Amino acid sequence: MKKVQVVVIGAGVVGMSTAVCIAEALPFCTVTVLAEKFSPDTTSDVAAGILLPKEIQGVPLERQQRWFKGTFDHLLAITESPQTSEAGVFMSSGYQIFKEVPSITKPYWADIVFGFRIMTDREMKRFPNYKFGQAITTLKCESLRYLPWLEKRLTKAGGQMKREKVTDLQQLAHSYDVIVNCSGLGSRSLVGDEQVYPVRGQILKVHAPWLKHFIRVIDGNAYIYPGIDYVTLGGTQQVNDWRLEVDKDDSKGIMERCSKLVPALRTAQVLGEKVGLRPGRSNLRLGREWLQVQERQVPLVHNYGHGSWGISLSWGSALEALDLVRRSLHEKPPRARL
Ligand SMILES: Cc1cc2nc3c(=O)[nH]c(=O)nc-3n(C[C@H](O)[C@H](O)[C@H](O)COP(=O)(O)OP(=O)(O)OC[C@H]3O[C@@H](n4cnc5c(N)ncnc54)[C@H](O)[C@@H]3O)c2cc1C
Ligand SMILES: O=C([O-])CC(=O)C(=O)O
C-alpha cells in the first residue's frame with residue numbers, strides 16, 4: 001500500500017519532536033523533515049533547556065498543562081532509561097526568585113514538577129534583594145545532545161531529513177499529502193504571520209563544575225543553569241532585535257548580573273557566547289487549516305511561536321500536532337463535504 005507522505009518543516013526542538021511523534025505513532029506515514037538549519041545551528045541549540053515555562057496569556061491553562069505535562073513525562077521517562085546521558089536530559093533543582101511577591105504564587109505547573117514549594121525565610125536570606133522565592137526540582141533538556149538523539153530516533157522510525165529552505169507551500173503540496181509547519185520564527189515569511197517576531201537572547205557558557213543548583217531571577221534577566229558540560233548564564237530578552245552576532249556589552253551585563261547572585265562566577269572561565277532568536281508570538285499557533293492546491297485540499301498543521309518555552313512545551317505540543325495530523329487523514333476537507 002502506498003504510504004502517506006508527511007512533510008515537517010523545521011528541525012528545531014518543535015519540528016524534530018513533532019516528526020518523531022508522527023513517525024512512531026503512524027507507521028503508514030513516511031515523514032520527511034525539511035529544514036534550512038539542523039542541530040547545532042538552530043535557536044533550540046542555544047536554549048538552556050530548563051523546563052520552567054511562564055503562563056501564556058490567552059491559552060486555557062488546561063491546554064498549557066497538557067503541553068507541559070506531555071513534555072515533562074516524556075523527558076522524565078528518558079531520565080529513567082540508559083539513554084539519559086546521550087539524550088542530554090536530567091533532573092535539575094534550584095530556585096526561582098522574585099523582587100516582589102507575585103500575584104500568583106503557585107504556577108500552573110507546580111503539581112507537575114517535583115517538590116515545588118515556597119522558599120523558607122532562611123533560604124531567602126541568601127538573596128537579600130529578593131522578597132519571594134520558589135524551590136523546584138524539574139528537568140533540563142540540552143538540545144545539543146537531544147536534537148541529534150531525536151534525529152537518530154526519527155531515522156529508526158523510517159523518517160528522513162533534507163536540508164532545504166521552503167519558500168512555497170503550494171509547490172510542496174504537489175509532493176506531500178500532509179504539511180506540518182514547525183518553522184518557528186521562519187513562519188513570519190513562510191506563512192506571512194506578522195504576529196511572529198524575534199526575541200533575541202544571548203547567553204554565556206562558563207566552566208563552573210562546582211555549581212549544582214540553578215537560580216532564575218524573574219523579571220531580572222538573570223539565570224544560572226548548571227548543565228552537563230558547562231553552566232549557562234543568561235540572559236537577554238531583546239524584542240524585534242534580529243542581530244545574531246554576540247554583543248560584548250550584553251556579555252558583560254550577563255556576567256555582572258549572575259555574579260551578583262553567585263560571586264564566585266566572576267572568575268569562571270568563559271567557554272563560549274551564543275545568540276538565538278526566540279520565535280515570539282502572543283500565543284503559540286497550534287492548529288490546522290486546509291491548503292487549496294488546484295483540485296485538492298491539503299491539510300496544513302501549524303506548530304510554532306513557542307517564544308521562551310519551546311523546550312518546555314515541545315513534546316506536549318507535538319502530541320497535539322500528531323492528533324491534528326491523524327484527524328486530518330480521517331476527516332474530509334470542508335469543500336469536499338459540500
Ligand atoms: C538564549 C535562549 C535561552 C532559552 N532557554 C530556554 C529554556 O531554558 N527552556 C525553554 O523551554 N526554552 C528556552 N528557549 C526558547 C527555545 O529555544 C525556543 O522556544 C525553541 O528553540 C523554539 O523551537 P522551534 O523548533 O520552534 O524553533 P527553532 O529552533 O528556531 O527551529 C526552527 C527550524 O525551522 C527551520 N526553518 C525556518 N524557516 C524555514 C523555511 N522557510 N524552510 C525550511 N526550514 C525553515 C529552521 O532552519 C529550524 O530548523 C531559549 C531561547 C533562547 C534564545
Ligand atoms: O527564562 C529562562 O529561564 C530561560 C529561557 O527560557 C529563555 O531565556 O528564553
Side-chain angles (χ1 to χ4, degrees), residues 7-19 33-54 67-68 71-72 75 92 94 96 136 138-143 146-147 150-151 161-169 172 180-191 193 196 198-205 214-225 227 232-238 241 244 250 254 273-281 284-286 302-318 321:
V7 64
V8 175
I9 307 167
V13 72
V14 175
M16 288 310 304
S17 303
T18 305
V33 172
L34 293 184
E36 194 181 1
K37 291 182 182 166
F38 284 86
S39 182
D41 300 320
T42 70
T43 301
S44 303
D45 290 288
V46 178
I50 198 79
L51 266 72
L52 219 50
K54 280 192 195 153
W67 293 338
F68 183 66
T71 310
F72 194 91
L75 294 174
S92 185
Q96 179 161 272
I136 303 143
T138 184
L139 297 167
K140 189 168 183 288
C141 168
E142 301 195 348
S143 292
Y146 183 60
L147 286 178
L150 282 183
E151 288 175 9
M161 287 157 283
K162 289 186 196 157
R163 192 177 295 272
E164 183 178 320
K165 178 167 183 166
V166 180
T167 51
D168 187 346
L169 292 178
L172 207 59
V180 186
N181 170 27
C182 302
S183 64
L185 186 57
S187 289
R188 194 177 162 91
S189 51
L190 183 62
V191 296
D193 184 348
V196 191
V199 182
R200 182 179 179 279
Q202 185 166 316
I203 49 123
L204 304 183
K205 297 178 178 186
F214 71 76
I215 304 173
R216 176 209 246 171
V217 176
I218 293 294
D219 300 331
N221 274 341
Y223 50 75
I224 300 169
Y225 291 124
T232 302
L233 307 185
T236 66
Q237 295 262 353
Q238 293 138 314
D241 187 339
L244 273 169
D250 282 346
I254 291 168
E273 297 159 288
K274 285 277 173 192
V275 176
L277 303 181
R278 302 175 186 88
R281 200 174 188 273
L284 71 92
R285 184 173 184 197
L286 182 41
H302 297 286
N303 186 12
Y304 67 85
H306 293 62
S308 275
W309 326 118
I311 316 291
S312 306
L313 306 177
S314 55
W315 198 263
S317 63

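Remember, it's 1-based here, ligands and their atoms both numbered in the order they're listed. Please read all numbers here as calculations on a predicted model, not as lab measurements.
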**Backbone of Q96 reached by a side-chain donor or acceptor of R216 within 3.5 Å** = no
**Prompt:** Do D250 and R200 come within less than 4.5 Å of each other through their side chains, counting heavy atoms only?
**Reply:** yes
**Prompt:** Which of parallel (below 30°), tilted (30 to 60°) and perpendicular (above 60°) describes F72 and F68?
**Reply:** tilted
**Request:** Quick one: closest heavy-atom pair of G12 and S44, and the distance?
**Result:** CA-OG, 3.6 Å
**Under the side-chain contact (heavy atoms from CB on, under 4.5 Å) test, residues paired with N221 that sit two or more places apart** = Q237, R257
**Message:** Distance alone, cut at 3.5 Å: any donor-acceptor contact between the side chains of S187 and H302?
**Reply:** no
N/O pairs closer than 3.5 Å, ligand 2 and protein:
| unit_1 | atom_1 | unit_2 | atom_2 | d |
| --- | --- | --- | --- | --- |
| ligand 2 | 3 (O) | R216 | NE | 2.8 |
| ligand 2 | 3 (O) | R216 | NH2 | 3.1 |
| ligand 2 | 3 (O) | Y225 | OH | 2.4 |
| ligand 2 | 6 (O) | S308 | O | 2.9 |
| ligand 2 | 8 (O) | Y223 | OH | 2.7 |
| ligand 2 | 8 (O) | R278 | NH2 | 2.8 |
| ligand 2 | 9 (O) | R278 | NE | 2.7 |
| ligand 2 | 9 (O) | R278 | NH2 | 3.3 |
| ligand 2 | 9 (O) | S308 | OG | 2.9 |

May I have the N/O to N/O pairs between ligand 1 and the protein that fall below 3.5 Å, each with atom names and distance to one decimal?
| unit_1 | atom_1 | unit_2 | atom_2 | d |
| --- | --- | --- | --- | --- |
| ligand 1 | 5 (N) | A48 | N | 3.3 |
| ligand 1 | 8 (O) | G49 | N | 2.9 |
| ligand 1 | 8 (O) | I50 | N | 2.9 |
| ligand 1 | 9 (N) | I50 | O | 2.9 |
| ligand 1 | 11 (O) | I311 | N | 3.1 |
| ligand 1 | 11 (O) | S312 | N | 2.8 |
| ligand 1 | 11 (O) | S312 | OG | 2.8 |
| ligand 1 | 12 (N) | S308 | O | 2.8 |
| ligand 1 | 19 (O) | G307 | O | 2.6 |
| ligand 1 | 19 (O) | G310 | N | 2.9 |
| ligand 1 | 21 (O) | S44 | N | 3.3 |
| ligand 1 | 21 (O) | S44 | OG | 2.8 |
| ligand 1 | 23 (O) | S44 | OG | 3.3 |
| ligand 1 | 25 (O) | V13 | N | 3.3 |
| ligand 1 | 25 (O) | V14 | N | 3.1 |
| ligand 1 | 29 (O) | S44 | N | 3.0 |
| ligand 1 | 29 (O) | S44 | OG | 2.5 |
| ligand 1 | 30 (O) | T43 | OG1 | 3.1 |
| ligand 1 | 41 (N) | V166 | O | 2.9 |
| ligand 1 | 42 (N) | V166 | N | 2.8 |
| ligand 1 | 44 (N) | E36 | N | 3.1 |
| ligand 1 | 47 (O) | K37 | N | 2.8 |
| ligand 1 | 49 (O) | A11 | N | 2.9 |
| ligand 1 | 49 (O) | K37 | O | 2.6 |

**Asked** Can you check whether L190 reaches L169 side chain to side chain, under 4.5 Å on heavy atoms?
**Response** yes
**Asked** Of all residues at least two apart in sequence or in a different chain, which pass the side-chain contact (heavy atoms from CB on, under 4.5 Å) check with S314?
**Response** V13, S17, T71
**Prompt:** Can a salt bridge be assigned to the pair K37 and D45 using a cut-off of 4.0 Å between side-chain N and carboxylate O?
**Reply:** no
